[in-house]
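Worksheet: one structure, shown below.
By convention here, the first residue in the shown sequence is residue 1. One-based numbering, in listed order, for ligands and for the atoms of each.
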Amino acid sequence: MSSNQSVKVLVTRDIPQIGVDLLRKEGYDVTVMGYDKPLTADELLQAAKKADALLCLGSNKIDEVFLHECKHLQVISQFAVGYDNINVPVATKLGIPVGNTPEVLSDATADIAFGLMIAVSRKFFYLHNTISKGEWGFFQPKKNLGIELKNKTLGVFGLGRIGTEMARRCKGAYHMTVIYHSRNRNVQAEKELNAKWVSFDELLQQSDVLSVHSVLSEETKGIFNKAAFGKMKPSAIFINTSRGGVHNEADLIDALTTKTIWGAGLDVTNPEPMQKDNPLLFMENAAVLPHIGSGTVEARNAMSQLAAENIIAFYKTGTMKNCLNPEVLLRK
Ligand code: GLV
């Protein structure tokens, strides 16, 4: 790039202003699209053809076809920590660095996992609905009973930054024992939280609350299926705040209906958005939120800032704070 003036940045959705302002302060030519709804695949493609840098969201499909049509892109910066919408290996082959926004949303997302756990254990959403249906009757000593969380075992599937924050909350509030299953050992969490690595089967068998914090990949797609739920305790609560594709929704509904497991709390579904007649919305021991893990003022501002800073750093220094394929930066 000879001057910042010529850097054309396409922002695919109306994100918090802080990132847009940072990009404009650098003198970049910034176009913000998708003010009222996400761009269609074709709108995205046409707009990206005119851009040098792309600041995109998880709802944008940055697949092989798109990347081959847009191999001129110099950098892609995702406004999210998850990146299953982006074909990173193809971007790498084409020499396009891809950034994302980890860390800044870990507290916000862990709060949603923790909140869903309590909501399920005490049937918050279901009981709220009974009131709106005019069904708040007399005090019933043996009805609507929840289960307590103190001293229970938390199983974390994918003990990264968000999983660690969830474990901190569970240990701090309820003295829960922490076990986890991840591709890699998390030595830091083992030290700090006395977390114990277990096999996937052990995680299923021993968890009272099993919280999913992994990425969605070929390895994790649908891993929580009928067989997995069948190995869990009938008193267990399943929480997923990562990606809906990690669980099989039909199998989860079946596991709840047959009381194979006790309850489930989801911030992510498959597909999204969830249909309004989905049985999970009416079950006593289920709680569903519309993918709002990072939905706080603080987290969204920080995501906007970091997504912009990744682009700025790329043009200024040839590096990025958070790059998913740093080998590309070395090649440049
Ligand atoms: C949200 O789901 C994210 O990946 O940031």
Exercise for review: Decide yes or no on ring pair (Phe, Tyr, Trp, His ring centres under 6.0 Å) for F125 and F282, but give the supporting numbers first.
Suggested key: CA-CA 9 Å; F125 291 20; F282 308 99; over 10 Å; no
With nothing but distance in play, are any N or O atoms of [X] less than 3.5 Å from an N or O of ligand 1?
{"X": "M303", "answer": "no"}
{"X": "S242", "answer": "no"}
{"X": "F79", "answer": "no"}
{"X": "S294", "answer": "no"}

Practice item. Output yes when a side-chain donor or acceptor of N301 lies under 3.5 Å from a complementary backbone atom of S304, and no otherwise. Key: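 No; zero donor-acceptor contacts below 3.5 Å.
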Check your understanding: Would you find a donor on one side and an acceptor on the other, under 3.5 Å apart, between the side chain of N248 and the backbone of K226?
Key ->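 No, because the side chain of N248 does not come within donor-acceptor range (under 3.5 Å) of the backbone of K226.
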For [X], take its heavy atoms, then give the atoms of ligand 1 lying under 4.0 Å from any of them.
{"X": "R243", "result": "1 (C), 2 (O), 3 (C), 4 (O)"}
{"X": "G82", "result": "3 (C), 4 (O), 5 (O)"}
{"X": "L105", "result": "5 (O)"}

Exercise for review: Could you please spell out the steps behind the side-chain contact (heavy atoms from CB on, under 4.5 Å) verdict for I261 and L256?
Suggested key: CA-CA 6 Å; I261 64 169; L256 290 167; 3.9 Å; yes
Between [X] and [Y], does any side-chain N to carboxylate O distance fall below 4.0 Å?
{"X": "R24", "Y": "D29", "value": "no"}
{"X": "E165", "Y": "R161", "value": "no"}
{"X": "K196", "Y": "E190", "value": "no"}

**Study point:** Protein residue, atom and distance nearest to atom 5 (O) of ligand 1, heavy-atom basis
**Key:**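 Among all protein heavy atoms, the one nearest atom 5 (O) of ligand 1 is V81 N, 2.8 Å.
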Exercise for review: Just need the protein heavy atom nearest to atom 1 (C) of ligand 1, so name the residue and atom and give the distance.
Suggested key: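 Looking only at protein heavy atoms, the one closest to atom 1 (C) of ligand 1 is H291 NE2, 3.6 Å.
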Practice item. Measure T109 to ligand 1 on non-hydrogen atoms and call it side chain, backbone, both or neither using the 4.0 Å cut-off. Key: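 Looking at T109 and ligand 1, no heavy atom falls under 4.0 Å.
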